[in-house]
Amino acid sequence: MKQMITGAEALMRSLEAEGVDVLFGYPGGAIMPTYDALYDHRNTLNHILVRHEQGAAHAAQGYARVSGRVGVVLATSGPGAMNTITGIADAMIDSTPMVVICGQVGAAMLGTDAFQEVDVLTVTQPITKWAYQIRRAEDVAWAVSRAFYIAKSGRPGPVVLDFAKNAQTGMVEYEPAKVDFIRSYRPVPVPTDETIQQAAELINRAERPLVLVGQGVELGNAREELRQFLEKGDMPAGCTLLGLSALPSDHPLNMGMLGMHGNLAPNVMTNQCDLLIAVGMRFDDRVTGNLDTYARQAKVIHFDIDPSEINKNVMVDVPVVGDCKQTLRRVTQLMEQRTREAWVKGFRPYLEKETEKVIEPAIHPTEGPLLMGEVVRRVSEATGHKAVLVTDVGQNQMFGCRYFRFTEGRSVVTSGGCGTMGFGLPAAIGATFGAPERTVCLFVGDGGLQMTIQELGTIMEQGCPVKIILLNNNYLGNVRQWQYLFFNKRYSFTPMMNPDYNTIASAYGIPSRTVVHREDLGAAIQEMLDTPGAFLLQCAVKEEDNVLPMTPPGANVDEMMLEVK
């Protein structure tokens, strides 16, 4: 005879069956039966008590991004569920696998405006791969297995399970479930032999191919396949913000970052190539600039697992729809071994120009206040370029991604499509659980840090070894830069009055140090890295520094500003 258990206990066993060992959450009334069941699973399910449900969602994202596993969130109904919404939307646009389980009032009370009742399904359906309400204990095992299958298969993304209280307390004869097929869901389309052949033929004929590398390479565990693809064809590449660590920074074919604040060479050469090859990226507007003039001279091949991305923003000549780990390998087998020395060398003048005018002054200044770029590069060098980079959003994000260097995969954790301020601190916490063997360096501005600063409490309680580098310029820096460039220097509500961050860190038991002078930076970085556990390194950086180069909004991708007047 099978054992009768509660729906809440069935959830615990289902999570364990999915291999979950870490989850991030915050208890409340409607999810309390689940937390009661969790009490007996503390040895197998490590629950991280965050200080705000938004922090739980971002921490789960950070965990998922560095580990390649599904992040799990527990929250209560109503305000608890609503506080996860920003993280869910962020995970959806950035293709992060996550399962959010939130409590809900009992099924009999649905629609009565009961205490802390919110229609979570209606709210979350547009920003999830799947949202489902569990109303019976009998459906728990199936729903959990289906949720994990959907979240991690194909193009990953978030799933929400709205867990009615009666389903948590109801009794069920538990049987593990395994969902690995859904009739109407094809997570990995199979490319045709014809498109594979067409892609190889276009590449073989091209004289000036340029490869755009996106996060899909990381999500598909295809870093080695990408390297072989690039090297066989001798094809230069540029990386999107989320795809930066898919290719080692020092690889001779890596021409740098794409996009509005990317590197000059790959952006300019986008409009000079004769073949544009996109791999696991979605032609975001921050990458393309003005679509009317974007790579009009080039044929386009688009490798992607999601058919909806094909021809969404840029019309393509050959769509290669499928798992890029497989499709890259198949196309590479049909490619000719090529040397494109003249084309690759053509990037060099732009690299040299940017290095002279932008990069060297940013990372090796000789006078004046500290600059964000030099802080980022010095930290990267001190970690041997092996650390996980986590950023918040704003200038800290752009300087961080421009000047940090990468040797290993899954090393970039940042909010791409949503641009969520407050993302950084909780995401870094999650990253320390997803990659406990690695150094996690968070670059954050004074604005973004204060949005989720309560998560210092999570760091204190859990002992998370987050190295927090606060780039403090007393401004909402990115908005100020736009006000400087496009709003006649009218700094409307961007100057920040800041608290004493060292005192705040001390209150949470986190050691800290403030650096004002350049000659103190090296020793401070080393102290941070040598200190066990968390550390806050506050750097008083130039207040009105600007991220350059920059493609102005609406401009062509190759119309990059190298200086501002």
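These figures come from a predicted structure and were not determined experimentally.
Contact of the P158 side chain with the V100 side chain is not registered, since no non-hydrogen atoms from C-beta on lie closer than 4.5 Å. Side-chain contact check for L244 versus F404: every heavy-atom pair is 4.5 Å or farther apart. Using a 4.5 Å heavy-atom cutoff, the side chains of N473 and M372 are in contact. L49 is listed as a side-chain neighbour of P27, based on a closest heavy-atom distance under 4.5 Å. With contacts defined as side-chain heavy-atom distances shorter than 4.5 Å, the pair E408/R438 qualifies. Contact of the Y501 side chain with the D446 side chain is registered, since non-hydrogen atoms from C-beta on lie closer than 4.5 Å. Counting only heavy atoms from C-beta outward, the side chains of L15 and I101 approach each other to under 4.5 Å. In this structure the side chain of N254 never reaches within 4.5 angstrom of the side chain of V213, judged on heavy atoms.
In summary, of the residues considered (I469, V379, L470), a side-chain contact (heavy atoms from CB on, under 4.5 Å) with C539 occurs for I469 alone. Among N83, T84, T458, the single residue meeting the side-chain contact (heavy atoms from CB on, under 4.5 Å) criterion with H52 is N83. Applying the side-chain contact (heavy atoms from CB on, under 4.5 Å) test between T414 and each of T391, V390, T420 identifies T391 as the sole match.
For V66 against A435, the heavy-atom pair with the smallest separation is CG2-N, 3.8 Å. Closest approach of A57 to G87, counting heavy atoms only: CB-CA, 3.7 Å. Taking all atoms of both residues into account, the shortest heavy-atom contact from P307 to V321 is CG-CG1, 3.8 Å. Residues R223 and A246 come closest through the heavy atom pair NE-O, 3.4 Å. Contact record, V99 with A151: CG2-CB, 4.1 Å, taken as the closest heavy-atom pair. When all heavy atoms of P426 and E455 are compared, the pair lying nearest together is CB-CG, 4.2 Å.
With sequence neighbours left out, the ring pair (Phe, Tyr, Trp, His ring centres under 6.0 Å) criterion links H47 to Y35. By the salt bridge (charged side-chain N to carboxylate O under 4.0 Å, His left out) test, E225 pairs with K325, R329, sequence neighbours left out. Evaluation of the ring pair (Phe, Tyr, Trp, His ring centres under 6.0 Å) rule for F115 yields no partner, not counting sequence neighbours. Looking at residues two or more places apart in sequence or on another chain, you find no salt bridge (charged side-chain N to carboxylate O under 4.0 Å, His left out) involving R405.
Applying the ring-ring contact (aromatic ring centres under 6.0 Å, His included) test to every pair with at least one member in residues 409-428, sequence neighbours left out, gives these pairs: H58-F423. Among pairs with a residue in residues 386-402, those fulfilling salt bridge (charged side-chain N to carboxylate O under 4.0 Å, His left out) read E354-R402, at least two apart in sequence or across chains.
Note: Y63 OH to D21 CG = 4.5 Å, rounded to the nearest 0.5 Å. Between the CD atom in Q395 and the CG atom in L471 there is a gap of 9.5 Å [rounded to 0.5 Å]. The CD1 atom of I134 sits 5.0 Å away from atom CZ of F163, with the distance rounded to the nearest 0.5 Å. Note that CD1 of I88 is 11.5 Å distant from SG of C418, once rounded to the nearest 0.5 Å. I510 CD1 to I459 CD1: the interatomic distance, rounded to the nearest 0.5 Å, is 5.0 Å. The structure places CE of M92 at 6.5 Å from OG1 of T128, a figure rounded to the nearest 0.5 Å.
Taking 4.0 Å as the cut-off between side-chain N and carboxylate O, E16 and R13 do not count as a salt-bridged pair. A salt bridge is absent between R282 and D306; no separation between the charged side-chain nitrogens and carboxylate oxygens falls under 4.0 Å.
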Could you walk me through whether V412 and L241 pass side chain to side chain contact (heavy atoms under 4.5 Å, CB included), step by step? CA-CA 8 Å; V412 180; L241 188 75; 5.7 Å; no

For the pair T6 and E9, evaluate side-chain hydrogen bond (donor to acceptor under 3.5 Å, both in side chains) and give the outcome as yes or no after the intermediate values. CA-CA 5 Å; T6 66; E9 175 64 23; 5.6 Å; no

Would T240 and D284 satisfy side-chain hydrogen bond (donor to acceptor under 3.5 Å, both in side chains), going step by step from the backbone distance to the final call? CA-CA 9 Å; T240 68; D284 175 75; over 6 Å; no

Should L110 and R135 be marked as a side chain to side chain contact (heavy atoms under 4.5 Å, CB included) after you check the CA-CA gap, both sets of side-chain angles, and the distance that decides it? CA-CA 10 Å; L110 290 169; R135 298 189 180 189; 3.8 Å; yes

Is there a side chain to side chain contact (heavy atoms under 4.5 Å, CB included) between R51 and I453 once you walk through the steps? CA-CA 9 Å; R51 298 312 189 252; I453 198 168; over 6 Å; no

Side chain to side chain contact (heavy atoms under 4.5 Å, CB included), that's the test. Do L425 and L456 meet it? Break it down for me. CA-CA 8 Å; L425 185 62; L456 292 175; 4.1 Å; yes

Start with the C-alpha distance between Q168 and D36, add both sets of side-chain angles, then the distance that settles side-chain hydrogen bond (donor to acceptor under 3.5 Å, both in side chains), and finish with yes or no. CA-CA 10 Å; Q168 298 175 53; D36 185 65; over 6 Å; no

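Here the side chain of Q538 pairs no donor or acceptor atom with the backbone of N472 at under 3.5 angstrom. Counting only distance, with no hydrogens or angles, the side chain of S245 and the backbone of F406 share no donor-acceptor pair below 3.5 Å. In this structure, the side chain of T383 engages the main chain of S380 through a donor-acceptor pair within 3.5 Å. No donor-acceptor pair under 3.5 Å is formed between the side chain of R65 and the backbone N or O of T96. Judged by distance alone, the side chain of S14 and the main-chain N or O of A10 form a donor-acceptor pair under 3.5 Å. No donor-acceptor pair under 3.5 Å is formed between the side chain of Q450 and the backbone N or O of N498. Not one N or O on the side chain of S506 forms a donor-acceptor pair closer than 3.5 Å with the backbone of N502. Looking only at distances, a side-chain donor or acceptor of S77 sits under 3.5 Å from a matching main-chain atom of Q116. No donor-acceptor pair closer than 3.5 Å links the side chain of E138 to the backbone N or O of A167. The backbone N or O of T452 sits nowhere less than 3.5 Å from a side-chain atom of Q54 that would complete a donor-acceptor pair.
Between W130 and Y149, a ring centre-to-centre spacing not shorter than 6.0 Å is recorded.
More than 12 heavy atoms of other residues, nucleotides or ligands shown are found within 6.0 angstrom of CZ on F283.
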